[in-house]
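Worksheet for the structure shown next.
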Amino acid sequence: MHGAEIIVCEVDAILQLFPANIPFVQFICGDEIVPVNAENPVRIDFFGDTIEKIRPYDSVTGERLEEIKEITVTSAADAFIKKEEISKVTGLMYSEAKKAKDTKAFERMRAIADDIASKAEENVGFAGASFLMPLLEDTTD
């Protein structure tokens, strides 16, 4: 499976750019993976690196809810820059920087492009990544 099958959002959100595929992680009892996201907070019990139990709980009362066998976690980020897209995106940003009105603006634009390239190389999310969506292959509207 590649990304979410169903997206629940307001109509205004549908009219904006959206990732064509949303990365996710699926947790299944017996698997060896990590962390959580769901309608309710979820506790994952491990035996070493193996998931033993997945159990949601009510965040207000702390009451443990019925144990589940798997949970899918989608990314909180809205833009995903693939490794093979980094040079294209930064190349376009560097190209735009050359059109800057003065040296100070050029240097600032280059610094931003360098920072974005660095974070993308390290696979680190950053504020404003959604502004790059029109440049990315895996984006739809």
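Here, residue 1 is the first one in the sequence, and each next residue gets the next number.
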Is atom NZ of Lys88 surrounded by more than 12 heavy atoms (other residues, nucleotides or ligands) closer than 6.0 Å? yes
To the nearest 0.5 Å, what is the distance between [atom1] on [X] and [atom2] on [Y]?
X: Tyr94; Y: Ile112; atom1: OH; atom2: CD1; value: 11.5 Å
X: Glu121; Y: Lys83; atom1: CD; atom2: NZ; value: 5.0 Å
X: Glu63; Y: Tyr57; atom1: CD; atom2: OH; value: 13.0 Å
X: Lys119; Y: Asp114; atom1: NZ; atom2: CG; value: 12.0 Å
X: Lys98; Y: Met109; atom1: NZ; atom2: CE; value: 11.5 Å
X: Lys53; Y: Ile44; atom1: NZ; atom2: CD1; value: 13.5 Å

Same hydrophobic cluster for Leu92 and Ile116, using side-chain heavy-atom links shorter than 4.5 Å among ILVMFWY? yes
Backbone N/O of Pro56 and side chain of Arg43: donor-acceptor pair under 3.5 Å: no
Residue pairs, two or more places apart or on separate chains, that pass side chain to side chain donor-acceptor pair (under 3.5 Å) and touch residues 99-112: Glu96-Lys99
Evaluate Met93 against Thr90 for side chain to side chain contact (heavy atoms under 4.5 Å, CB included), listing each step before the verdict. CA-CA 5 Å; Met93 290 189 302; Thr90 53; 3.9 Å; yes
